[in-house]
Amino acid sequence: MEALEAVLKRHTGPSVVLFSVLFRVVYGLLRKMPAPKNVVLDEFQTWKWRNLSLSMVHSILTGTWAVSSVLVWPETLRDLHYYHTPLSYLLVCISTGYFVQDTAEIILMGHARAAWEFLIHHALVICCFLYTLYTHLYVAGAVVTLFVELNSVTLHLRLLLKLAGATSSTAYRVNKMLNIWTFVAIRLAAQFYLTWYVIKNYSELHNAAFFMCALMTTNIMMLMYLCRLIRSDFLRHVGGKEYAVRNGTHNSKKFLSD
Ligand SMILES: *[C@@H]1O[C@H](CO)[C@@H](O)[C@H](O)[C@H]1NC(C)=O
């Protein structure tokens, strides 16, 4: 493990590129998996389905990895600044690879304009993670940010079920509750812990002002996202059918379907 860590640290750039290529390979494999009938009828929907499946792979992998490493090494939570293990360094490398791959895909597919929120988010994540990988600082902090991927699992599942036209299924209803719960208990909790940590240790941290800005930006994005989620999954429920029709056809090209 130490040897692996040494290699990753010596060749950080190539390692990140290697992991983005690996995610590309997984994407290729996912293309061979069957998709729901109504999805394959439309090229854009098919692309969205595959893309969400790849995001799902990344979220399951990094979310469970991040939580397990905190369970095995609880020091991670206490020292976000200096603490790291070979496995947490590897985790950040892999995740950076995914974000680089995804950013390249957004730009190459020509969705940059429609997905500008994702691009800002990804640019911030890539900046922070590369900083972490090159300076070996805040590896534990990066691990804690990856907790939010557990909530991304339910967020992706929600969109996958929507694409499959299964919004009236029990699975959708159960996932809807789980989604709000993980959003608050995991995503918001992780964000607030990180923000609190930076405020509390502000004077001792390297580049604290930059990380504070990055955190504040993502905090605002998260709260906006939560409002949209509640509006679309809970408040519009009354006119549900009408909304579903509108959402299904009219907005099908919309990138971020609520
Ligand atoms: C794919 O979907 C996920 C989740 O909505 C998003 O984070 C990601 O940026 C999308 N990727 C591309 C290439 O559009």
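Counting convention: from 1, in listed order, for ligands and their atoms alike.
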Part of [X] within contact of ligand 1 (heavy atoms, under 4.0 Å):
X: W47; result: side chain
X: H111; result: neither
X: H156; result: side chain

(request) Would you check if the side chain of T46 reaches a backbone N or O of V39 as a donor-acceptor pair within less than 3.5 Å? (result)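 Yes; judged by distance alone, with no hydrogens or angles, the pair exists.
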(message) Using only atom types and a distance under 3.5 Å, with no angle test, would you say the side chain of Y193 pairs donor to acceptor with the backbone of L77?
(response)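 A pair under 3.5 Å: yes.
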(message) Let me confirm one number: the CG-CG distance from L8 to L133, rounded to the nearest 0.5 Å.
(response)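 If we round to the nearest 0.5 Å, L8:CG and L133:CG are 8.5 Å apart.
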(message) Tell me the closest heavy-atom pair linking R50 and L30, and the distance in Å.
(response)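 In terms of heavy atoms, the two residues are closest at NH1-O, 3.7 Å.
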(message) Are Y131 and N207 packed together at the side-chain level, in the sense that at least one heavy-atom pair is separated by less than 4.5 angstrom?
(response)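 Yes; the side chains approach each other to less than 4.5 Å.
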I need the atoms of ligand 1 closer than 4.0 Å to a non-hydrogen atom of [X], numbered in the order shown.
X: I106; value: 9 (O), 12 (C), 13 (C), 14 (O)
X: F118; value: 5 (O), 6 (C), 7 (O), 9 (O)
X: H122; value: 9 (O)

(message) Could you check whether any heavy atom of A115 sits closer than 4.0 Å to an atom of ligand 1, since that is the contact criterion I want to use?
(response)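 False for this residue.
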(message) Tell me whether H121 reaches ligand 1 (any heavy atom closer than 4.0 angstrom to a ligand atom).
(response)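 Not so, H121 does not reach ligand 1.
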(message) Could you check whether D233 pairs with R158 (Lys NZ or Arg NE/NH1/NH2 to Asp/Glu carboxylate O, under 4.0 Å)?
(response)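 Salt bridge present between D233 and R158.
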(request) Could you pull out, from A114, S59, S55, the option with a heavy atom nearest to atom 3 (C) of ligand 1? (result)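 Selected option, by shortest heavy-atom distance: S55.
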(message) Nearest non-hydrogen contact with atom 9 (O) of ligand 1 belongs to which option: D102, L155, N51?
(response)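 Among D102, L155, N51, the closest heavy atom to atom 9 (O) of ligand 1 comes from D102.
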(message) Atom CZ of residue position R31 - does it have more than 12 heavy atoms of other residues, nucleotides or ligands inside 6.0 Å?
(response)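 Not buried by this count: 12 neighbours or fewer within 6.0 Å.
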